[in-house]
Amino acid sequence: MLDIKLIRDNPDAVRKRLADRGRGDEAAVDKIAALDQRRRKLVSDSDALKALRNIVSKEIGALKSKGQDTSDKVAAMKKVGDDIAALDRDITATDEELRGILLTIPNLPHPSVPEGKDAADNPEIRQWGHKPEFTFKPKPHWEIGEALDILDFPRATKISGSGFILYKGAGARLERGLINFLLDLHTRGHGYMEIFPPFLINRASMIGTGQLPKFEEDMYRLRDDELYLAPTAEVPVSNIHRDEILRHEQLPLYYCAYTPCFRREAGAAGKETRGMIRVHQFDKVEMVKFSHPDSSYDELEKMVANAEKVLQLLGLHYRVILLCTGDMGFASAKTYDIEVWAPGQDAYLEVSSCSNCEDFQSRRANIRFKDKDGKNRFVHLLNGSGTALARLFVALLETYQQADGSVLLPEILAPYLGGVRTIRGK
RNA sequence: GGAGAGGUGGCUGAGCGGUUGAAAGCGCCGGUCUCGAAAACCGGUUUGGCCGAAAGGUCAACGUGAGUUCAAAUCUCACCCUCUCCGCCA
């Protein structure tokens, strides 16, 4: 949520930066400013009447204790009370309308974010490693996985529907091993505290990180209980400190968590339907930071490095790109994506997205810290995948496939796979 | 799920419907004292909105939301949460 004061004081700057995102959100700025002005007028009128009522009510109390007549004052205050009630109804309605709009306005891009329309305008920041070479034509992961009997798409569809994954045998073991590998790396190696959060999330938390109210149709929802399946661990973990005031010495806080991620992928029908590149449920280890505003951009760079480390240790070729204004997510002020090379797809796959949301989420979720001067300020919230598992699984199978159909995994994973590096067919 | 109890400031814990934004204690911050520290003593110590350059003024908030009243932390209703006991259960 944007700071209403920023819109009030610099409407033109806000309008410009929203326009850079290319979604037409700048059109709401005038409406917001008008509602804000109306609200302030109503509040000050209501406050004046309340001040009057408070004074006279005290007089009534004093007079009554002396046994004097108060009927004229009581009658006058009854009228004032009615006026206040009318004003307050108006305030509530204005407030709700204003907040309703503010909650659907995306964050402003950071000045360092390049202007652009869509993914084609995202600059590449760097590459690591290089595309592996094969003496044969590399197969896609679904062929490798089904031949080795470690992935079973038809049965996943039977159990749940399209867009779900059934891991079997060494595949299931690999998925579990990767989760442990990632958590160990970020906790022991990068200083994050491990979190295992609930997977069902209430509405207030979903609003806090920005999934609601705007993206309701993308979420799985339990209608009977008004709970949502976590689309990413970012949601439960960021909400750990909702409605809290942290001490500045506590910052930055580093958390990481494994969760499954549930996404309806509404509107994505027909896209990347083959295999496990776009699915309704996938595993992910997420990093979340609560940062002091002064250092949040340094923290973002470090977080990207933490995610890159995963791919470096696994020997997977990747590139880092900076999302342009038109391609960024709703809550983000600046986002780096990391894309791993998948030889069987002949394409890069997004396996991590690291964002600095600045105070956009902390204002919604009311997460503050007391600074050195004792002033309460909003923390900066960052989140990044470290990394998404399904696509990492894809990259591993496709990169390390052998001519004989087996998969020879990186040495570093052996401890997580019972000492075994090779996945072979029967 | 059933029965009961309860939700007040960082914590503990008071609070006849009318100077109670809220006693007291603890904690914390500052000061006096001390070579220094402890103790003791003095002072301070919730958050947000609006007006204001500031000083300051004003409004709101005692789980949440409605209601009664001139006036609600205090009365009524609904909901949420916590605790105890019972039931069920991995």
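Computed from heavy atoms alone, side chains included, the values below leave out hydrogens, waters and symmetry copies.
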Under 4.0 angstrom, heavy atoms only, what part of the nucleic acid is [X] near: base, sugar-phosphate, or nothing?
X: A/Lys78; answer: sugar-phosphate
X: A/Arg368; answer: sugar-phosphate
X: A/Lys375; answer: nothing
X: A/Arg8; answer: sugar-phosphate
X: A/Lys73; answer: nothing
X: A/Lys5; answer: sugar-phosphate

Could you write out RNA chain B as a dot-bracket string, with dots for unpaired bases, | for bases paired across to another strand, and Watson-Crick or G-U pairs counted at under 3.5 Å? ((((((((.[[[..)..(.....]]]((((((.......))))))((((((....)))))).[[[[[..)....]]]]])))))))....

[atom1]-based separation of [M] from [N] [nearest Å]:
N: B/G43; M: B/G57; atom1: C1'; result: 25 Å
N: B/A14; M: B/U8; atom1: P; result: 11 Å
N: B/G9; M: B/A61; atom1: C1'; result: 12 Å
N: B/A66; M: B/C11; atom1: C1'; result: 32 Å
N: B/A72; M: B/G56; atom1: P; result: 29 Å
N: B/C79; M: B/A24; atom1: P; result: 38 Å
N: B/U47; M: B/A23; atom1: P; result: 16 Å
N: B/U45; M: B/G36; atom1: C1'; result: 27 Å

At a 4.0 Å cut-off to heavy atoms of chain A, the contacted part of RNA chain B spans B/G18 to B/A71

So, the side chain of [X] versus the backbone of [Y]: is there a donor-acceptor pair under 3.5 Å, distance only?
X: A/Arg424; Y: A/Ser406; answer: no
X: A/Ser57; Y: A/Asn54; answer: no
X: A/His190; Y: A/Tyr192; answer: no
X: A/Thr325; Y: A/Gly116; answer: yes
X: A/Lys214; Y: A/Thr104; answer: yes

Modelled atom types, side-chain donor and acceptor of A/Ser353 and A/Asp337, under 3.5 Å: yes

Test item: side-chain donor near acceptor, A/Gln345 and A/His141, under 3.5 Å: yes

Residue closer to the 5' end of RNA chain B, A/Asp36 versus A/Ile55 (nearest nucleotide): A/Asp36

Starting at the 5' end of RNA chain B and moving along, which residue's nearest nucleotide shows up first, A/Gly374 or A/Arg40? A/Gly374

Pairs touching residues 154-163 of chain A that satisfy side-chain hydrogen bond (donor to acceptor under 3.5 Å, both in side chains), sequence neighbours left out: A/Asp152-A/Arg155

Is the gap between the ring centers of A/Phe369 and A/Phe290 under 6.0 Å? no

Does A/Leu103 reach the side chain of A/Met1, with side-chain heavy atoms less than 4.5 Å apart? yes

